[in-house]
Q: 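One structure follows; several queries about it will come next.
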Amino acid sequence: VPEDGCGRVTDRFNKAVDAARWTKIGERRDTPVRSDDELRAEGLGCDYESGDPASIPLFFAPTSTGIAAIDGPTTRLTVCRYAVTPDSDGVLVFQSGGPVPPETGAALARELAATEPARRCPSETTRTATIRGEDGTDRLTVQLDGCRLVFDATGGWGQATPGLIDVLG
C-alpha cells in the first residue's frame with residue numbers, strides 16, 4: 001500500500017480502491033483474539049478487566065453502610081482480585097481468583113457484617129477484589145488499598161475492616 005511522506009495511505013490509492021468494482025465472493029466473521037491471561041480469568045469465573053474505576057472522587061461522605069449481606073457458608077462465592085499494573089494504563093486487570101471454600105465464605109460474611117460507614121476520603125486504589133455470587137454477578141467490590149471502601153451492586157457503601165482486607169488478601 002503506497003504511503004506519503006507522513007506514513008498515510010496516498011489519496012491516489014484510496015481513489016483507486018473506491019473506484020474498483022467489488023464482487024462479494026464470501027463472508028467471514030472474525031473473533032477477537034484473547035490473551036492467555038483473559039482465558040485464565042474466564043476459566044476461574046472472573047472478568048479480565050474490572051468494571052470498577054481505580055479512582056473514585058468522593059465529594060461527600062456516604063452516611064449509611066447499606067452493604068448487602070451474603071450467606072457465605074451456604075452460597076458458592078467467587079473472589080476475583082484485580083490490580084493496576086505498570087502496563088495496564090491505569091485499568092484494574094485480573095491478578096488471581098476463583099471459587100472460595102465455605103470457611104472463607106463464612107469469614108467474608110462475618111467481616112462484611114462488621115462493615116462501618118464509609119469515611120470521607122478521595123479514593124485512589126491500585127488493588128480491588130470483587131465477590132461474585134453463584135450466578136456470576138458481582139455482589140460486592142472491596143478496595144484492598146487506598147480508602148478501602150466496600151460498595152455493592154445496589155449502591156451501598158461502607159468501610160472495609162482490616163479483617164476483610166486480610167481475608168481477601
Side-chain angles (χ1 to χ4, degrees), residues 30-169:
D30 290 330
T31 57
V33 176
R34 296 187 337 217
S35 70
D36 290 343
D37 289 337
E38 290 171 301
L39 294 172
R40 182 173 63 91
E42 184 180 294
L44 293 169
C46 299
D47 295 324
Y48 177 66
E49 289 184 359
S50 169
D52 301 309
S55 176
I56 303 171
L58 283 183
F59 300 108
F60 61 93
T63 54
S64 75
T65 55
I67 297 299
I70 59 169
D71 188 5
T74 60
T75 304
R76 287 179 38 99
L77 300 174
T78 298
V79 171
C80 305
R81 292 172 200 83
Y82 300 91
V84 174
T85 61
D87 59 341
S88 70
D89 222 9
V91 176
L92 291 158
V93 294
F94 179 77
Q95 298 298 301
S96 65
V100 297
E103 58 273 10
T104 302
L108 288 171
R110 276 193 309 275
E111 292 299 330
L112 285 166
T115 299
E116 299 174 355
R119 294 187 289 275
R120 185 182 173 99
C121 169
S123 180
E124 295 288 330
T125 188
T126 60
R127 299 181 314 120
T128 65
T130 300
I131 302 169
R132 292 183 154 189
E134 283 183 85
D135 60 357
T137 60
D138 293 352
R139 297 275 183 89
L140 298 149
T141 297
V142 180
Q143 294 178 332
L144 300 176
D145 62 2
C147 292
R148 298 184 178 199
L149 296 173
V150 179
F151 45 102
D152 67 22
T154 65
W157 290 80
Q159 193 72 47
T161 65
L164 180 59
I165 301 299
D166 289 342
V167 172
L168 292 170

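Worth knowing before you read on, the calculation uses all heavy atoms, side chains too, and leaves out hydrogens, waters and symmetry mates.
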Q: Go through it in stages, so that I can follow the logic: the residues are Val167 and Thr104, the test is side-chain contact (heavy atoms from CB on, under 4.5 Å), and I'd like the CA-CA distance, side-chain angles, deciding distance and then a yes or no.
A: CA-CA 7 Å; Val167 172; Thr104 302; 3.9 Å; yes
Q: Tell me every residue that passes side-chain contact (heavy atoms from CB on, under 4.5 Å) with Ser96, counting only those two or more places apart in sequence or in another chain.
A: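 Counting only residues at least two positions away or on another chain, Ser96 forms a side-chain contact (heavy atoms from CB on, under 4.5 Å) with Arg81.
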Q: Stepwise, does the side-chain contact (heavy atoms from CB on, under 4.5 Å) test hold for Asp47 with Arg132?
A: CA-CA 11 Å; Asp47 295 324; Arg132 292 183 154 189; 2.5 Å; yes
Q: For Leu44 versus Pro99, what's the shortest heavy-atom pair and its separation?
A: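 Residues Leu44 and Pro99, closest heavy atoms: O-CD, 4.2 Å.
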Q: According to the salt bridge (charged side-chain N to carboxylate O under 4.0 Å, His left out) rule, which pairs have a member within residues 35-46, sequence neighbours left out?
A: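 Sorted pair list: Arg34-Glu42.
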Q: When you measure from the side chain of Arg148 to the backbone N and O of Ile165, does any donor-acceptor pair fall under 3.5 Å?
A: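 No, because the side chain of Arg148 does not come within donor-acceptor range (under 3.5 Å) of the backbone of Ile165.
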Q: Looking at every heavy atom in both Gly98 and Cys46, which two are closest together, and how far apart are they?
A: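 Closest approach of Gly98 to Cys46: N-SG, 4.4 Å.
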Q: Among Thr130, Val93, Thr125, find the residue that satisfies the side chain to side chain contact (heavy atoms under 4.5 Å, CB included) test when tested with Tyr82.
A: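 Exactly one option meets the side chain to side chain contact (heavy atoms under 4.5 Å, CB included) with Tyr82, and it is Thr130.
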Q: Taking all heavy atoms of Gly45 and all of Thr78, pick out the closest pair and write down the distance.
A: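 Gly45 and Thr78 have their closest heavy atoms at O-CG2, 4.1 Å.
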Q: Could you tell me the separation between the CD1 atom of Ile131 and the CG atom of Asp152, rounded to the nearest 0.5 Å?
A: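 It is 10.5 Å, given to the nearest 0.5 Å.
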Q: Under the side-chain contact (heavy atoms from CB on, under 4.5 Å) test, which residues partner Arg127, sequence neighbours left out?
A: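 With sequence neighbours excluded, Arg127 shows a side-chain contact (heavy atoms from CB on, under 4.5 Å) to Ala83, Leu144, Asp145, given in chain and number order.
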Q: Measure the CZ-CH2 distance between Phe151 and Trp157 for me, rounded to the nearest 0.5 Å.
A: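 Going from the CZ atom of Phe151 to the CH2 atom of Trp157 covers 5.5 Å.
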Q: Does Glu116 offer a backbone N or O that forms a donor-acceptor pair with the side chain of Gln159 under 3.5 Å?
A: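 Answer holds: no.
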Q: Let me confirm one number: the CD-OG1 distance from Gln95 to Thr128, rounded to the nearest 0.5 Å.
A: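 Gln95 atom CD to Thr128 atom OG1 measures 9.5 Å (nearest 0.5 Å).
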Q: Give me the atom names and distance for the closest heavy-atom approach of Leu77 to Gly133.
A: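 Minimum heavy-atom separation between Leu77 and Gly133: CD2-CA, 4.3 Å.
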Q: Minimum heavy-atom separation for Ala129 and Val79, please, with both atom names.
A: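 Where Ala129 meets Val79 most closely, the heavy atoms are CB-CG1, 4.3 Å.
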Q: Considering non-hydrogen atoms only, spot the tightest contact between Glu134 and Arg139 and give its length.
A: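 Taking Glu134 first and Arg139 second, the nearest heavy atoms are N-NH2, 4.4 Å.
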Q: Would you sort out whether Leu108 and Leu164 count as a side-chain contact (heavy atoms from CB on, under 4.5 Å), showing the intermediate values?
A: CA-CA 6 Å; Leu108 288 171; Leu164 180 59; 3.8 Å; yes
